[in-house]
Amino acid sequence: KLDTANVKATDPVAETWHGNVNIAFNAARGNTYANSAAVVANVNRRWEKDRLNVDFGYYYGEDGKAGEPSDKTEDRWEVEAKHDHFWFPAVYNYEDLKWERDMIQNLNARYRVGLGGGYQWLENRAFESTGKWNFNQELGVNWIKEEYENNDDAKDNGFCALRYGHHFGYIPKWAEGIEVFHNFEILPEVDEWEKFLAKADIGFTAKLIYDFDLIAKIEWEYNSKPANDRKKDDTRYIVGLGYKW
C-alpha cells in the first residue's frame with residue numbers, strides 16, 4: 001500500500017534549466033544615421049527548496065547626420081546573479097550579486113552585493129477564472145561600490161543601502177501564449193536617504209512560432225546623484241525577437 005503522506009506531488013515538474021534570449025535592433029539611413037541594439041538574456045532553475053536566476057543585458061545606440069561622425073547615445077552592460085533558498089513554501093532568503101557599466105553616464109563600474117528575505121505570494125498559481133499568476137516581494141540590505149569618471153557625490157569606499165523589490169508575472173487563461181510582467185526595485189542609502197537608485201520595467205512576451213516570442217517592454221532607471229552634467233533618469237523602449245527554452 002502506498003503511503004500518500006510521503007508523496008510530494010502526483011505530477012511533479014522536472015528540475016531543469018530554463019531561459020530566454022531577446023534581441024532588438026533599429027536602424028535609420030538617409031539624412032539621419034542611427035543604430036540601436038539590445039540583447040537581454042536570462043537563465044534560471046527551480047529546485048524543491050532553491051531558485052537561481054542569472055540575468056544579462058547589453059544596450060547600444062548611436063546617431064548622427066549623413067556624412068558626419070556619429071555620437072554614441074548608449075553603451076550599457078549589466079550582469080546579475082541571484083539565489084533564493086526556501087525555508088517554508090513561501091518564505092525564503094536570498095543572496096544577490098550585480099555588476100553594471102554605463103559609459104554614457106560616466107559610470108565605469110557599479111558593484112552590488114546583497115542579502116535579504118522574501119515572500120512568494122504566488123508561484124505559477126493557476127486560477128480557473130483568470131489564468132496563472134506569479135508575485136513576490138523582497139526586503140534586504142546591499143553594499144554598493146561605484147566608480148565614476150566624475151561625480152562629486154561618489155563615495156570611494158562604497159556605501160550601504162536598503163532594498164525593496166517585487167516581481168510580477170501573469171499568463172491570462174484566454175491567451176496562454178502571452179505573458180505580462182513587471183519588476184521594480186529601489187535602493188535608498190542608509191545614511192543619506194535622499195540618495196537612491198531605482199529601476200522598473202513593464203512589458204509582455206507573445207508566442208510567435210515554435211519557441212520564438214515577440215517581446216515588448218519599457219525600462220526605466222533613476223539615479224538621484226548621477227555623474228556631473230548627466231540626467232537622473234533613463235528610459236528605454238525595447239521591441240524585439242526572443243527565443244525561450
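What you are looking at is a predicted structure, and each value in this text was computed from that prediction instead of being measured.
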More than 12 heavy atoms from other groups under 6.0 Å of [atom1] on [X]:
| X | atom1 | result |
| --- | --- | --- |
| Arg125 | CZ | no |
| Phe127 | CZ | yes |
| Trp47 | CH2 | yes |
| Asn150 | CG | yes |

What I'd like to find out is whether the side chain of [X] reaches to under 4.5 Å of the side chain of [Y], using heavy atoms alone.
| X | Y | value |
| --- | --- | --- |
| Phe56 | Val39 | yes |
| Lys217 | Arg236 | no |
| Phe181 | Thr205 | yes |
| Lys82 | Leu52 | no |
| Phe159 | Lys145 | no |
| Trp220 | Asp233 | yes |

What's the spacing between [X] [atom1] and [Y] [atom2] if we round to 0.5 Å?
| X | Y | atom1 | atom2 | answer |
| --- | --- | --- | --- | --- |
| Ile202 | Phe184 | CD1 | CZ | 12.5 Å |
| Glu146 | Asn108 | CD | CG | 11.5 Å |
| Asn183 | Asn136 | CG | CG | 9.0 Å |
| Tyr92 | Glu138 | OH | CD | 3.5 Å |
| Asn106 | Asn151 | CG | CG | 9.0 Å |
| Glu179 | Asn20 | CD | CG | 9.0 Å |

Answer yes or no: is there a donor N or O on one side and an acceptor on the other, between the side chain of [X] and the main chain of [Y], under 3.5 Å?
| X | Y | result |
| --- | --- | --- |
| Arg46 | Glu48 | yes |
| Tyr170 | Thr130 | yes |
| Asp84 | Tyr94 | no |
| Lys173 | Glu128 | yes |
| Asn142 | Ile144 | no |
| Thr73 | Gly61 | yes |
| Asn223 | Leu197 | no |
| Asp213 | Ile215 | no |

Mind running salt bridge (charged side-chain N to carboxylate O under 4.0 Å, His left out) on Glu192 and Lys155 for me, showing each step along the way? CA-CA 12 Å; Glu192 191 178 350; Lys155 297 183 176 179; 3.7 Å; yes

Could you please spell out the steps behind the side-chain contact (heavy atoms from CB on, under 4.5 Å) verdict for Val54 and Asn44? CA-CA 6 Å; Val54 179; Asn44 64 84; over 6 Å; no

Just do the salt bridge (charged side-chain N to carboxylate O under 4.0 Å, His left out) check on Arg112 and Glu95 with the steps written out, would you? CA-CA 11 Å; Arg112 278 175 43 186; Glu95 308 89 42; over 6 Å; no

Is a side-chain donor-acceptor pair under 3.5 Å present for Asn93 with His85?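 Note: His85 and Asn93 side chains miss the donor-acceptor criterion.
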
Regarding Gln137 and Trp121, is there a side-chain donor-to-acceptor distance under 3.5 Å anywhere?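 Yes - a donor-acceptor pair under 3.5 Å links their side chains.
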
Test: Lys232 and Glu194 ion pair at under 4.0 Å: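 The answer is no: the pair does not qualify as a salt bridge.
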
Applying the 4.5 Å side-chain criterion to the ILVMFWY set and letting contacts propagate, would [X] and [Y] be lumped into a single cluster?
| X | Y | value |
| --- | --- | --- |
| Leu187 | Trp193 | no |
| Trp17 | Val21 | yes |
| Tyr119 | Leu122 | yes |
| Leu115 | Ile186 | no |
| Tyr164 | Val190 | no |

Can you see which heavy atom on [X] is nearest to which on [Y], and at what distance?
| X | Y | value |
| --- | --- | --- |
| Phe25 | Ala37 | CD1-CB, 3.8 Å |
| Val141 | Cys160 | CG2-SG, 3.3 Å |
| Asp63 | Ala34 | CB-CB, 3.8 Å |

Start with the C-alpha distance between Ile104 and Lys72, add both sets of side-chain angles, then the distance that settles side-chain contact (heavy atoms from CB on, under 4.5 Å), and finish with yes or no. CA-CA 8 Å; Ile104 305 303; Lys72 190 182 294 186; 4.1 Å; yes

Look at the aromatic rings of Tyr58 and Tyr60 and report parallel, tilted or perpendicular, splitting at 30° and 60°.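 Tyr58 vs Tyr60 ring planes: parallel.
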
Tell me, with the steps shown, if Glu147 and Arg110 meet salt bridge (charged side-chain N to carboxylate O under 4.0 Å, His left out). CA-CA 6 Å; Glu147 298 175 359; Arg110 177 184 291 128; over 6 Å; no

For residues [X] and [Y], establish whether the separation of their ring centroids is below 6.0 Å.
| X | Y | result |
| --- | --- | --- |
| His182 | His167 | no |
| Phe196 | Tyr222 | yes |
| Phe135 | Trp133 | no |

Identified side-chain contact (heavy atoms from CB on, under 4.5 Å) partner of Arg76 from the options Gln105, Met103, Glu221, Arg101: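 With Arg76 as partner, side-chain contact (heavy atoms from CB on, under 4.5 Å) holds for just one option, Glu221.
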
Tell me, with the steps shown, if Tyr210 and Tyr243 meet side-chain contact (heavy atoms from CB on, under 4.5 Å). CA-CA 9 Å; Tyr210 299 113; Tyr243 178 79; over 6 Å; no

With salt bridge (charged side-chain N to carboxylate O under 4.0 Å, His left out) as the test, would you mind laying out the steps for Glu123 and Arg51 before giving the verdict? CA-CA 12 Å; Glu123 185 175 17; Arg51 179 170 59 195; 3.6 Å; yes

Glu80 vs Trp99, test: side-chain contact (heavy atoms from CB on, under 4.5 Å). Steps then yes/no. CA-CA 6 Å; Glu80 181 175 14; Trp99 173 82; over 6 Å; no

Residue list, ring-ring contact (aromatic ring centres under 6.0 Å, His included) with Tyr237, at least two apart or on another chain: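 In terms of ring-ring contact (aromatic ring centres under 6.0 Å, His included), with neighbours along the sequence ignored, Tyr237 is linked to no residue.
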
Within 45 degrees of the axis of the six-membered ring of Phe212 and under 6.0 Å from its centre: does Lys244 put its NZ or CZ there?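 Geometry flag: not set, cation outside 6.0 Å or 45°.
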
